[in-house]
Each structure stands twice: as C-alpha cells, then as structure tokens.
2 protein chains.
Amino acid sequence: MEIVDLSTLPDSETRYTEFLRQICEKHDMDHAAYAGMNPAAGTVAGFVTYDDAWTEHYQNQGLIMVDPTIHMARRSIAPVDWSRLERSPDFQRVFRDASDFGLPNQGVTIPVRGPYGDIGLLSATRKCSKDEWRKLFTHVISDLQSMAVHIHDNVVSSDELTNVLYHPTLSTREAEILQWVAAGKSQQDIGDILSISHRTVEVHLRSSREKLSALTTPQAVGRAIAIGLITPS
Amino acid sequence: MEIVDLSTLPDSETRYTEFLRQICEKHDMDHAAYAGMNPAAGTVAGFVTYDDAWTEHYQNQGLIMVDPTIHMARRSIAPVDWSRLERSPDFQRVFRDASDFGLPNQGVTIPVRGPYGDIGLLSATRKCSKDEWRKLFTHVISDLQSMAVHIHDNVVSSDELTNVLYHPTLSTREAEILQWVAAGKSQQDIGDILSISHRTVEVHLRSSREKLSALTTPQAVGRAIAIGLITPS
DNA sequence: GTCAAAATACGGGAATCCCCCAATAGAAAA
DNA sequence: TTTTCTATTGGGGGATTCCCGTATTTTGAC
C-alpha cells in the first residue's frame, strides 16, 4: 500500500482530482472531496469527484453555509462520521438534496489543520448500509487520515497565493514588538522593556501594520497570529 | 487492529502513559511520547515512556527550547521523520545527549492541531538502522497518525483547565464587534456599521477584554482568534 | 565601491482609545 | 415575582495610539 506522492505529479488541479479518484478505488468509496481554506489569506480550494450537477446545485443553493459535515469537522479534531449528524436539522436539508442527486448517504469528513490557521477537509462517501459502512470505516479510517494530511500538505505548499501571503516577513524588532503587543503590553511598556523610546516602538508597529496590510494594530496582531509570525499569549 | 478507546479508561495520567506503551508494543517501537500545548490557555501536558533520568535531564537542560523535532513538527502539517533533521546543529546537541542516555536514534514526530490553536505532538522512536527504520516507518505511519489524533482529541476533551478557558463565551454583540475590530475598523466605524453609539461599542469591547482576561484590545483579538471565537480577516 | 532601500531611533501634536462614573429597558434565570 | 444578566446610551478626562517629520546605521544590489 504505497502512498502516491502528489509532489511528483504535474502541477494542476487535475492531479488532485485524480488523487481523490485513486482514494475511492483503493478504499471502495463512491466519491471523495477535498476543501481547503486559509482564513488569513482568504483563499479557498476545492476538488471533488462528484458530478457537476451536484456541485452546481450545492453552490447555487449555498449549501456550504448549512452543511453539517463542514460545521462539525471545522470544530473537531477527530474524523466526523456522518451518521453522527443524522439528528441535525440541517442534515435533512442537505442530505435530502444529495439523495435526489443519487449521492451516497454514508460518509466521513476528516479535518486537517496547518500551523497558519489553514484547514483542510477530506470527505469520502459510499452508498451502503450502516453495518457495511461501519466495517469499511474502521478498516480504512487511518489510511484516510494519512491521505487527508498528505493532500492538505501538498495543497498548502503548492498554493502560490498562500505562499506569498505566508511570507510578509517582519524584521526581528517588528516581530518582537508585535509579540509584546499581543501579550497586552502598551507601547510605553514595550519601550521600557526594550530600553528604547515608545516613539520608536510605534514606528515599528506602523511598519508591521503596513507589511501585514492591516489598518489597525489589533488587525495586525490577528493576522500575525493567524499566519504564525507571532504566538498568542 | 482495534483502536483502544481512551475515553473508556479511568481518568488519570497513567492511562495516557499506558496508551503510549501499547503503541510501542503494537508497532515495535522502543519509546513513545506525547506533548500537548494550548498557547491561548498556556497549558502544557506531557506523557512519556522514557526513563525519569532522561526526562529530568531534558527539563533541567532546557532541551525543549532547542529540540529540533519540536521546532519542525510545530511548523509542519505532515509527520516529521527525525532523519531529515540530522543537518540541524541543534540536532547534534539534543541527540548526542539522548544517545548518552541510551535512547534510540530513529524516530518520528507527528503534529495534530485542534480548532482552538491547540497542538499535540506524538513521537515514536526505535533504535535500529536507517533501512530498518524506513521500512517500519512506511508500515506504521498511518496508524500512528490515527493514534496521534486519538490521544490529542482525548487530552483536549478531558483537560478541565483547557475546557474552562475554551468557553469564555462572548455574547453575539461582543463577538460581532470584536470581529469588526479584527477587520481593522475603529470604534466609531463599528458604531456606524451597527447603528449604535461608539460608546456602546467601547462597552462591549471592554467586557470582551474582561471575559478573555486580556489587558488590551489587541491581546483580546489575538486570543479570540487563537481560541476560534472570531476569524482573522 | 557606491547608492538605494530598509531597519532602527526619536519627537510634536492630533485623534483615538480606555477607564471612571451613571442610567434605562428587556430577557433570562432564580 | 424578584433578581441577574445583557444590550444600550451618555459624559469627562487621562492615557495611549497614530500620523507627520527627521536622522543614523545596516543591508543589499549593481
């Protein structure tokens, strides 16, 4: 059981879709889907093996806003088995629609998070009975988790837009000062700590804001944390 | 190959250590270690199968600050094979010490992140040749990833301190206003947007700071983002 | 080697935020 | 029903931040 190394494949959207198809074949799944988001960069990437009809319907109806699989997985550490969502009212909405399009009723969504606030969701589905699903699930879940990490790692690494926004490098002093701001210190405090004028502290903060394209210091702190330039405290 | 359900075991530190031992047995590893951190809450949890001698040395020497496995894994999405770190100067420092204590030289560290900025690192080590390690690695990595998710999920769920700090619930208005602050708006702007007085905006911000135990608004924004109450923008 | 750009440092003055206070109305909990 | 919590608005004044300008040092590119 070898893991396909995504980074060796030609760089394009199709390779990810192809990768999803391979997952389906390997694990007896009907469909697979990946969605990656980077809140800080505001980027979203998605690859699916679904028919275009369902994809369009899903987008047109804005089902992403109510899809309980996404809601749950975004807040979970462990994989989310869709059968645990059946009581959700939104579940009815989305899955009745999906059923109309002939889509499977059993599935799982696996969340994967990166260090910069980015999150990827890998879903795999299959039309079968609950018992069948349970067996299949326990059998393939750990490999699916591995695949989820693999695809998210590759998407994030190859996403040029993300990479650009990943590296608004702050100077040593700027990062240092922003870190103190995130720790709740005032400019005067920081000046005392670093033995420089609070005026100077403000200058570094200003250039930090500019580099992060932030209008205010709170926004700059939020972005810096989201992209890993500083840590919350 | 059944996954031990940690949540059914008695609640104590020993069950995690025992779980690590089971992982070692199952996958032919010499040692395993887990470290969980919650930057926002400032909590750290650790469980190891190492001897006390090494654990003490590690802490006394402050090796956690230079340990390249931790540095890398904290910034990685995928598992980090220690053999990829051999060129790091810090690697020499830590691994020479480890070798003196008779510890293995091959290993892997797997990062797992939760939705609230929390991160868990599961490491597994074995004394063997590079070739042996490579075989073992590819064979067990996906199950180890599964285990890493399992243990981190359980630690986070059962960590009462974390749970308390996980739920400084902001009211709708507070979260709404803090979100606008994170988006770079001034108090006056937000008042105009929400059609309320900028005084009111300031009151909500103050109570947000109190609930988050933050000294300043930038700190509050940082924490709110770190624990998932708002999203960066 | 020179020159431009960035990093670092400091100050004045205006704008903003933050803290103290008080007060009303509605909703939820006791 | 009473009490508590939330949401709302307001004033005054000190503290802080932010925008303007200037200057020295360091870095990097040609």
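Owing to the predicted nature of the structure, the values given are computational and were not obtained by experimental measurement.
Between the side chains of Ser146(B) and Gln145(A), at least one donor N or O lies within less than 3.5 Å of an accepting N or O. Side-chain contact of Tyr58(A) with Asp67(A): a donor-acceptor pair under 3.5 Å is present, judged by distance alone.
Among Glu210(A), Glu202(A), His204(A), the one residue that satisfies the side chain to side chain donor-acceptor pair (under 3.5 Å) test with Arg206(A) is Glu202(A).
Rounded to a whole Å, the CZ atom of Arg206(A) is 12 Å from the C1' atom of dG11(C).
In this pair, Phe137(A) and Trp133(A) present their aromatic rings tilted. The plane angle is within the 30 to 60° band.
Under 4.0 angstrom from either OP1 or OP2 of dA6(C) there lies no side-chain N or O belonging to Ser207(A). Regarding contacts with the backbone of dC18(C), a side-chain N or O of Thr217(B) is found under 4.0 angstrom from either OP1 or OP2. In this structure, Arg209(A) reaches the dC19(D) phosphate: one of its side-chain N or O atoms is under 4.0 Å from OP1 or OP2. Phosphate proximity of dA7(C) to His204(A): absent, as no side-chain N or O sits under 4.0 Å from OP1 or OP2.
A heavy-atom distance below 4.5 Å is not found between the side chains of Val48(B) and Thr17(B).
Within residues 182-201 of chain A, the residues having any heavy atom under 4.0 Å from DNA chain D are, by residue number, Ser186(A), Gln187(A), Arg199(A).
Side-chain proximity of Val203(B) to the nucleotides dA7(C), dC18(D), dT9(D) is greatest for dT9(D).
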